[in-house]
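Have a look at the structure below before the remarks.
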Amino acid sequence: MKTKIDYFDYDTLLQPTDWRFAAAVVGLSKYFDYFGIDYKVLYDVEEKPDNYIHGFDGIIYKSEDITEEKYLEFAENYFEKYMTHKNILNILKSQEFSEEQIKLVNDLVKSKTVLKGLLGKTKFDGTNKDIFISTIEENRAEIIKNIFKNGNNLYKNYCNERLIFTEDNSTCRLRGYNVDKDRKTSNLGFCFSKESFESNDILEFDFIPFAFSNSDMRETYFVNNNFSVKSLTQTNYAFSNQLSSTENKDDKNKLMLVLQNSKDYISYDVEIISKSQDKAYYETFFVRLERLKKLRELSGKSLNFVKKINDDYWFNLEKEVYMRCLNNVLLDDVILMMLKFYFDDNAGKGYIKSRTDMLIDINVSWKGNEIMDEIKSAKSCGFLTSQKLIEMKSSNKINSYKQKIISALCAHDYDRAKEIILSLSAYVGMEFSFFYTFLENAEENKDLAFAFASALIEVSSKNN
């Protein structure tokens, strides 16, 4: 919440009452720190402003210290590697230029509309660098503003680019919160009342892009642990650094791996805001400490398995498990998919089986480990049954029974699954001790059938 105050020489208090204000606090703090501008942290001052909101920290500052000139300079520095004009200026520091450098300068000019408008009619030939330098310096603010506000991974990803550094807007400038003021808005609010649609906007929301994590990722994140300004800034700094050091993973997997290793700065329930360049809105999910502990328990477990389902979807086992862990969702559907994958890839059967067995153990542990002994029994019965069928010269029936059990489980036809397992027990002349627990409540104890089906495999005891 932004509040006008009369507090010594300061006139504004910004408190992280929701994630938007929290992100604005983080971004604005970076701005003040960059310029060495004086501001106060609410929790650090003994005498509080009269009208502050109890229970929230905040920053106290002078509104006059926020200027467009300084804002653009800060944006140019913070997102320096995306500032095309700075790349050009760095090249132009040379006294002599190769053909590659000359071509690169001309290509960089063409890559940005604002530069093309200013320099498009002048082609760089290696002898006219002064024209390029002077034109950029004379129009620097315009260039920065256009590059920043139109960058798909910069301001445009987070806010309506037409509203940069504006005030008194009728709706919030943030993506997903912004509404065309000329359209009918009665359908936005509760019971078709536009008065019930809350979309407050403040200039400080322009600092939100500086609060989110690594702009080189298509999906960026902000951790809203708004216990204090210190925790907000330190957590997001550490979070962003860990994301940067995590390589060769897609954005969601990076997030999961960083959360696994976040115990030094996240030790409580937190809200995480994500913003993807592919979506015109923000997404929110809550990370519960209980689930975060479960996620950290997965550290060190090998969940590497990727399979192409179609041109638009690749199944990533690690990602599927991590997301279900955080969202408190069991692995039943993932286990069934892995059991079906067993029949798709001859070369990877052993690998798929080992991953499936690991998933079953994880799933049972998430449920409380009440049937872990029976799970071991089911795996043993499956293995011994396979050996018995091989001895009976009926190894072809191993996959046949396995497929039948998996098909019944996929259809949630537990009566059919019981019939198949009972039939197999009679065929091999063996008693399956786990079966009685499965019989009592098949749906609740389906992991027993998962484990038994996974253990049915055409290998000899010598090679198992």
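It should be emphasised that the depicted structure is a prediction, and the values quoted were computed from it without experimental measurement.
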Using atom types as modelled and distance alone, determine if a side-chain donor or acceptor of Asn316 lies under 3.5 Å from a backbone N or O of Val306.
-> no
So among Ile360, Ile352, Asp357, which one has a side-chain contact (heavy atoms from CB on, under 4.5 Å) with Met338?
-> Ile352
Work out which heavy atom in Thr122 is nearest to a heavy atom in Asn128; give both atom names and the distance.
-> CG2-ND2, 3.8 Å
Taking all non-hydrogen atoms of both residues, which atom of Phe97 and which atom of Leu92 are closest, and how far apart?
-> CE2-CA, 3.8 Å
Can you name the closest pair of heavy atoms from Met83 and Ile147 and give their distance?
-> SD-CG2, 4.0 Å
More than 12 heavy atoms from other groups under 6.0 Å of OH on Tyr237 | no
Looking at residues at least two apart in the chain, or sitting in another chain, which of them share a ring-ring contact (aromatic ring centres under 6.0 Å, His included) with Phe285?
-> none
Would you list the pairs meeting salt bridge (Lys or Arg N to Asp or Glu O under 4.0 Å) in which at least one residue belongs to residues 104-123, sequence neighbours left out?
-> Lys103-Asp107
Can you label the angle between the Phe207 ring and the Phe74 ring as parallel, tilted or perpendicular, going by 30° and 60°?
-> tilted
Once the angle between the rings of Tyr158 and Tyr282 is folded into 0 to 90°, is it parallel (under 30°), tilted (30 to 60°) or perpendicular (over 60°)?
-> tilted
Restricting to pairs with a member in residues 154-167, which pass salt bridge (Lys or Arg N to Asp or Glu O under 4.0 Å), not counting sequence neighbours?
-> Glu161-Arg175
Cation-pi check, Arg355 onto Tyr351 ring (under 6.0 Å, within 45° of axis) | yes
side-chain hydrogen bond (donor to acceptor under 3.5 Å, both in side chains) involving Tyr52 - partner list, sequence neighbours excluded = His54
Contact list for residues 47-71, test salt bridge (Lys or Arg N to Asp or Glu O under 4.0 Å), sequence neighbours left out = Glu68-Lys145
Sequence neighbours excluded, which residues qualify as ring-ring contact (aromatic ring centres under 6.0 Å, His included) partners of Trp366?
-> none
Can you say whether the rings of Phe239 and Tyr265 are parallel (under 30°), tilted (30 to 60°) or perpendicular (over 60°)?
-> perpendicular
Those residues at least two apart in sequence (or on a different chain) that pass side-chain hydrogen bond (donor to acceptor under 3.5 Å, both in side chains) with Thr84 are none
On the 0 to 90° scale, with breaks at 30° and 60°, tag the Tyr7-Tyr10 ring pair as parallel, tilted or perpendicular.
-> tilted
Tell me whether the guanidinium CZ or amine NZ of Lys402 lies under 6.0 angstrom from the six-membered ring centre of Tyr342 and within 45° of its axis.
-> yes
Does Tyr155 have any ring-ring contact (aromatic ring centres under 6.0 Å, His included) partners at least two apart in sequence or in another chain, and if so, which?
-> Phe148
Residues Phe56, Phe21; criterion ring-ring contact (aromatic ring centres under 6.0 Å, His included); working and verdict = CA-CA 11 Å; Phe56 290 96; Phe21 293 95; over 10 Å; no
Which residues pass the ring-ring contact (aromatic ring centres under 6.0 Å, His included) test with Phe165, sequence neighbours left out?
-> Tyr71
Distance flag, aromatic centroids of Phe79 and Phe210, threshold under 6.0 Å | yes
Applying side-chain hydrogen bond (donor to acceptor under 3.5 Å, both in side chains), name anything that partners Glu142, two or more places apart in sequence or on another chain.
-> none
Quick one: CG on Asn157 to OG on Ser276, what's the gap to the nearest 0.5 Å?
-> 7.5 Å
side-chain hydrogen bond (donor to acceptor under 3.5 Å, both in side chains) partners of Ser215, counting only residues at least two apart | Tyr82
Say you draw a straight line from CG of Asn225 to CZ of Phe222; how long is it, rounded to the nearest 0.5 Å?
-> 7.5 Å
Please lay out, stage by stage, how Lys349 and Glu458 fare under the test salt bridge (charged side-chain N to carboxylate O under 4.0 Å, His left out).
-> CA-CA 10 Å; Lys349 287 186 184 298; Glu458 293 178 316; over 6 Å; no
Between Lys446 and Asp332 the two heavy atoms that sit nearest each other are NZ-OD2, 3.3 Å
Measuring from Asn363:CG to Asp447:CG, what's the distance to the nearest 0.5 Å?
-> 4.5 Å
NZ of Lys40: more than 12 outside heavy atoms within 6.0 angstrom?
-> no
Count the heavy atoms of every other residue, nucleotide or ligand shown that sit under 6.0 Å from CG of Asn310, and state whether that count exceeds 12.
-> yes
Quick note, salt bridge (Lys or Arg N to Asp or Glu O under 4.0 Å) partners involving residues 84-102, not counting sequence neighbours, are Glu80-Lys86
According to the interplanar angle, ranging from 0 to 90°, do the rings of Tyr61 and Phe32 count as parallel (below 30°), tilted (30 to 60°) or perpendicular (above 60°)?
-> tilted
Looking at Glu318 and Leu257, what are the two nearest heavy atoms and their distance?
-> OE2-CD2, 4.4 Å
Of all the heavy-atom pairs spanning Ile66 and Glu204, show the shortest one and how long it is.
-> CD1-OE2, 3.7 Å
Would Tyr78 and Tyr34 count as a close aromatic pair, with their ring centres under 6.0 Å?
-> no
Answer whether the closest heavy-atom distance between the side chains of Leu456 and Ile405 falls below 4.5 Å.
-> yes
